[in-house]
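A quick write-up on the structure given underneath.
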Amino acid sequence: TNPEFALKGAGELGWTVAVPIKAFNIYAGYYYDFRINGSYISLGADYTFKVTDWLSIVPSINTGFGIDYYTGRGSGNVAGNNQVGNNGQDLTQIAGSGFTHVLYTLAVPVKLTKSVTWTSYVALNHGEKLRTQINAQQNELYWGTKLSFAF
């Protein structure tokens, strides 16, 4: 089976909002994918622990809720393509809406200059039922680093 129903590309429109409260941030988003006729809601929060003027530790958590979002339901683009779920079940027998994941991240931004920051992070993505019943691993651990420039 193809994990994403052999779809290529996306036509997604979304709205986001972020609310900073001192070192605490709350953010949310709503996205609609025209290619699959499904939508997605995300919610998250992080907190910045300032260690020094140039070093911080930022734990965060975020989750998502999908509504016919890459479930193989609700779209003529994926209907009838003989896709099955992770356990071989017919896609019409599984939920079309539900929580997709909970993502836990620990980031360490290092301010190198006034406009350059180097951030290393480690993250655990815990797949929730909507995604794991179809194609995703239950838990994925990953890490990385990024260099960002502000102008």
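Quick note: numbers below take in every heavy atom, side chains included, and nothing from hydrogens, waters or symmetry partners. Values in this document were obtained by computation on a predicted structure and should not be read as measured data. We count residues from 1, following the sequence as given.
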Polar side-chain atom of Thr48 near backbone of Lys50 as donor-acceptor pair, under 3.5 Å: no
Minimum side-chain heavy-atom gap Tyr142-Asn125 below 4.5 Å: yes
Nearest heavy atoms of Ile41 and Tyr30, plus distance in Å: CG1-CD1, 3.8 Å
Parallel, tilted or perpendicular: ring planes of Phe34 versus Tyr32, cut at 30 and 60 degrees: perpendicular
In one Ile/Leu/Val/Met/Phe/Trp/Tyr side-chain cluster, 4.5 Å: Val102, Leu124: yes
Single-linkage hydrophobic cluster Leu103~Leu141, side-chain heavy atoms < 4.5 angstrom: no
Distance (rounded to the nearest 0.5 Å) between Ile26 CD1 and Ile21 CD1: 4.5 Å
Atom pair OG1 (Thr117) and CG (Leu112), whose distance is rounded to the nearest 0.5 Å: 7.0 Å
pair Val51-Ile57: side-chain heavy atoms closer than 4.5 Å: yes
Distance, nearest 0.5 Å, that separates OG of Ser39 from CG of Leu13: 12.0 Å
Joint hydrophobic cluster, Val110 plus Phe149, side-chain heavy atoms closer than 4.5 Å: yes
For Ser60 against Tyr27, the heavy-atom pair lying closest together: CB-OH, 3.9 Å
Residue pairs, two or more places apart or on separate chains, that pass salt bridge (charged side-chain N to carboxylate O under 4.0 Å, His left out) and touch residues 22-32: none
Pairs meeting criterion ring-ring contact (aromatic ring centres under 6.0 Å, His included) with involvement of residues 47-66, two or more places apart: Tyr47-Phe49, Phe65-Phe99
Between CH2 on residue Trp143 and OG on residue Ser120, distance to nearest 0.5 Å: 12.5 Å
Residue pair His126 / Asn139, side-chain donor-acceptor N/O under 3.5 Å: yes
Thr63 (side chain) donor-acceptor with His101 (main chain) under 3.5 angstrom: yes
Side-chain donor/acceptor of Thr100 to backbone N/O of Gly64, under 3.5 Å: yes
Linked, directly or transitively: Leu106 and Leu55 (ILVMFWY side chains, under 4.5 Å): yes
Where Ser42 and Tyr31 come nearest, the two heavy atoms and their spacing: OG-CE1, 3.7 Å
Polar contact flag, side-chain donor to acceptor under 3.5 angstrom, Trp118-Thr145: yes
Leu147 side chain reached by Val116 side chain, heavy atoms, under 4.5 Å: yes
Val58 side chain near Pro109 side chain, heavy-atom distance below 4.5 Å: yes
Sub-4.5 Å side-chain heavy-atom contact between Thr119 and Val108: no
